[in-house]
Amino acid sequence: MYICKQNYPKNQQYMANYLNDVSRTFGEYLLIPGLTTKQCQPANVSLKTPLVKFKRNEQSAINLNIPFVSAIMQAVSGPDLAIELARNGGLSFIFGSQPIKSQAEMVRKVKKFKAGFVESDSNLMPDNTLADVIQIYNKTGHSTVGVTDDGTANGRLLGLVTSRDYRVEKDDHGKKVRDFMTPLENLIVGRSGITLSEANQILWEHKLNSLPIIDEEGNLASFVFRKDYDSHRENPQELSDATKKLLVGAGINSRDYKERVPALIEAGVDVLCIDSSDGYSEWQHETLNWIKSNYGEKALVGAGNVVDGEGFRYLADAGADFVKVGIGGGSICITREQKGIGRGQATALIDVAGERDEYLKEKGVYVPICSDGGLVHDYHMVLALAMGADFLMMGRYFARFDESPTKTLRIGNSYVKEYWGEGSNRAQNWQRYDVGGNESLKFEEGVDSYVPYAGKMKDNLDVTLGKVKATMCSCGAITIAELQSTAKITLVSSTSIVEGGAHDVILKDKG
């Protein structure tokens, strides 16, 4: 009889390494109130937080005004949501599961939205008709149209059309633009070289809604809009650079980064993030190395996702400017079901935060961490911040709003928005789950679903931020750093969770 023998090396361990800690979620914890001093009022709370790494005693190159970024997802982070989130102090990462050219154009749209001086992207020639003006309005929502000799954004300015120059119901739609536009000689214009402050002063003095800016040859250079000035006053937390351009990020993958990264940087992107379900890989190390070798610290790039300190340190050493934490905790993610990998989001975050602090002690460099997934209730956001997250990445939360790129549908008596995972067949984002080999999505790690429609972002965001600030005040903290250093957190039992909600009563019908 032949007996097959395995050739095992001596002194080799033939079993997995077991961790003693339990994999826990945010729902298993509560915050214990701290001393609420007279200073602890929501109006005094600052939610400013670093986005990218910095050396000890220095400042981060980018600080978020609120600790929220939107997920790198087709159903979440388009240009409209990126604009609105930046106006409210956060930042979006434009989804990377699309052609390079279209992603770069989305970045450009955000960067052009409010530069103070905005390049016109709605232009016609004098021989165009009112029908063309109406078509532009229906397509873009822009009521101000530059009339140039060649119909381009930088042609010789001949006039201007606004909604005050025509009546859609009564005027002939075949009417030529030249016959109802306001001609150049009747326009108040600014000249190239004018400052934004001077342009705004002209707007106010002459009660204008827009001011065309022309160069020495009379070519249209840009517009300054009164609404942008008003918008800035209404959004004091706006996340913008020194030139008043909104900040925006973009997702990349570890396959076509040598082509995608240059295009995004040329488009003006402020920060990149490698989008992957499992970031503890040599693929990400090579991607980070290439970006830093070619662009140095001028190119800011985050990496992830990881769920333990070992993964964090690997990416931090590779040059990551921030590290994302979380595998399988998203509402549409089924990675844990499909592959059996991941970790409870709270446990993962606590572990990585501890390693980040050790890294600061050893290297003198603070690498921010982003908690990605696992947030069900608004108070979970405060728990995540208290456990060490510098900022939070959310998909489901933002997918519900008007500004997300998906359709609003009515199902039964409820309005919903479509929401699908990047690991679903619908997204076909195989690069996010890349483990080498042939290009394909071997199996799904995300689902196709709906989320309840919630309306405008700002209305909902104000409520959420109000809750976050109130909870921080109850913990005796008015900054995220104070919260992390003083917060008290306790585990709760299953019966304690039940006790925390309405119970032993008959609720009234709100209808």
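Screening L158, D179, V177 for a side chain to side chain contact (heavy atoms under 4.5 Å, CB included) with P126, the sole residue that qualifies is L158. The one candidate from R56, R356, E58 that meets the side chain to side chain donor-acceptor pair (under 3.5 Å) condition with Y366 is R356. For the pairing with M181, the side chain to side chain contact (heavy atoms under 4.5 Å, CB included) check across V147, T162, D165, L160 returns one residue only, V147. Test T129, V161, V145 against L124 for side chain to side chain contact (heavy atoms under 4.5 Å, CB included) and you get one pass: V145. The side chain to side chain contact (heavy atoms under 4.5 Å, CB included) test with V168 is passed by exactly one of I134, V133, L130: I134.
Within the 4.5 Å cutoff, the side chain of M381 has heavy atoms near those of the F68 side chain. Counting only heavy atoms from C-beta outward, the side chains of R410 and Y415 approach each other to under 4.5 Å. You'll find the side chain of V261 reaches within 4.5 Å of the side chain of I252, heavy atoms only. Side-chain contact between L47 and P67: present, with at least one pair of heavy atoms (C-beta onward) separated by less than 4.5 Å. Put simply, the side chain of L91 does not reach to within 4.5 Å of the side chain of V248, judged on heavy atoms. Here the side chains of I66 and L461 are in contact, with some heavy-atom distance below 4.5 Å. Between I83 and L246 there is a side-chain heavy-atom pair separated by less than 4.5 Å. At a threshold of 4.5 Å between non-hydrogen side-chain atoms, the residues F113 and V118 do not count as touching.
Between the side chain of K258 and the backbone N or O of T287 there is no donor-acceptor pair closer than 3.5 Å. The backbone N or O of G218 lies less than 3.5 Å from a partner atom in the side chain of D215, making a donor-acceptor pair. Between the side chain of H206 and the backbone N or O of I202 there is no donor-acceptor pair closer than 3.5 Å. Side chain of T406 to backbone of E418: a donor-acceptor contact under 3.5 angstrom is found. Here the side chain of N294 pairs a donor or acceptor atom with the backbone of W290 at under 3.5 angstrom. Proximity of a side-chain donor or acceptor of E84 to a complementary backbone N or O of M457 within less than 3.5 Å is not detected. Between the side chain of K407 and the main chain of K417, no donor-acceptor pair closer than 3.5 Å is present. Using a distance-only test at 3.5 Å, with no hydrogens or angles considered, no donor-acceptor pair links the side chain of R260 to the main chain of G251. Proximity of a side-chain donor or acceptor of N460 to a complementary backbone N or O of A454 within less than 3.5 Å is detected.
The closest side-chain donor-acceptor pair between T243 and D241 falls under 3.5 angstrom. If you check the side chains of K48 and N63, you find no donor sitting under 3.5 Å from an acceptor. In summary, the side chains of N128 and K176 do not present any donor paired with an acceptor at a separation below 3.5 Å, with no hydrogens or angles considered. In this model, a donor atom of one side chain and an acceptor atom of the other lie less than 3.5 Å apart for S70 and S77. Using modelled atom types, one finds no donor on one side chain facing an acceptor on the other under 3.5 Å when comparing S60 with K53. Between the side chains of N219 and N154, no donor N or O sits under 3.5 Å from an acceptor N or O. Using modelled atom types and a 3.5 Å distance limit, the side chains of Q345 and S371 yield a donor-acceptor pair. Judged by distance alone, the side chains of S254 and Q284 never bring a donor and an acceptor atom under 3.5 Å apart. In the model, N200 has no side-chain atom that pairs as donor or acceptor with a side-chain atom of S197 under 3.5 Å. In this model, a donor atom of one side chain and an acceptor atom of the other lie less than 3.5 Å apart for E198 and T195.
The NZ atom of K467 sits 4.0 Å away from the CG atom of D378 when rounded to the nearest 0.5 Å. The distance from the CG atom of L157 to the CG atom of N123 is 9.5 Å, given to the nearest 0.5 Å. Once rounded to the nearest 0.5 Å, the distance linking OG of S276 with CD1 of I327 reads 8.0 Å. Going from atom CG of D459 over to atom NZ of K456 covers 7.5 Å, rounded to the nearest 0.5 Å. With rounding to the nearest 0.5 angstrom, the CG atom of L409 is 6.0 Å from the CD1 atom of I411. Taken to the nearest 0.5 Å, the OG atom of S240 stands 9.0 Å off from the NZ atom of K111.
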Walk me through whether M393 and K324 qualify under side chain to side chain contact (heavy atoms under 4.5 Å, CB included).
CA-CA 8 Å; M393 177 171 279; K324 283 207 294 147; 3.6 Å; yes

Intermediate values then yes/no, side chain to side chain contact (heavy atoms under 4.5 Å, CB included), T144 and F223
CA-CA 10 Å; T144 300; F223 279 100; 4.1 Å; yes

With side chain to side chain contact (heavy atoms under 4.5 Å, CB included) as the test, would you mind laying out the steps for N253 and I274 before giving the verdict?
CA-CA 5 Å; N253 61 69; I274 307 172; 6.0 Å; no

Any chance you could lay out the side chain to side chain contact (heavy atoms under 4.5 Å, CB included) test for L272 and L264, step after step, and finish with the verdict?
CA-CA 9 Å; L272 303 165; L264 293 171; 3.8 Å; yes

Given salt bridge (Lys or Arg N to Asp or Glu O under 4.0 Å), test K109 with D80 step by step and report yes or no.
CA-CA 9 Å; K109 182 177 179 180; D80 293 339; 3.3 Å; yes

Salt bridge (Lys or Arg N to Asp or Glu O under 4.0 Å) evaluation trace for E266 with R108:
CA-CA 9 Å; E266 190 276 330; R108 286 192 184 91; 2.3 Å; yes

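A pairwise comparison of heavy atoms in G268 and V107 identifies C-CG1, 4.2 Å as the closest pair. Among all heavy-atom pairs drawn from I72 and I94, the shortest one is CG2-O, 4.1 Å. The heavy-atom pair separating L300 from D321 by the smallest distance is CA-OD2, 3.3 Å. The two atoms that bring M125 and D149 nearest to each other are SD-O, 3.6 Å, heavy atoms only. The minimum heavy-atom distance between V110 and A82, with the atom names listed, is CG2-CB, 3.8 Å. Nearest heavy atom pair, residue S210 against residue P212, reads O-CD, 4.0 Å.
With ring centers used as reference points, Y280 lies 6.0 Å or more from F312. Not less than 6.0 angstrom separates the ring centroid of H142 from the ring centroid of Y137.
Heavy atoms of other residues, nucleotides or ligands lying less than 6.0 angstrom from CD of E216 number 12 at most. E205 CD: more than 12 foreign heavy atoms inside a 6.0 Å radius.
Because its NZ or CZ atom is both nearer than 6.0 Å to the ring centre of Y397 and within 45° of the ring axis, R400 counts as a cation-pi partner of that residue.
Ring orientation note: the planes of F93 and F322 are tilted relative to one another, at an angle of 30° to 60°.
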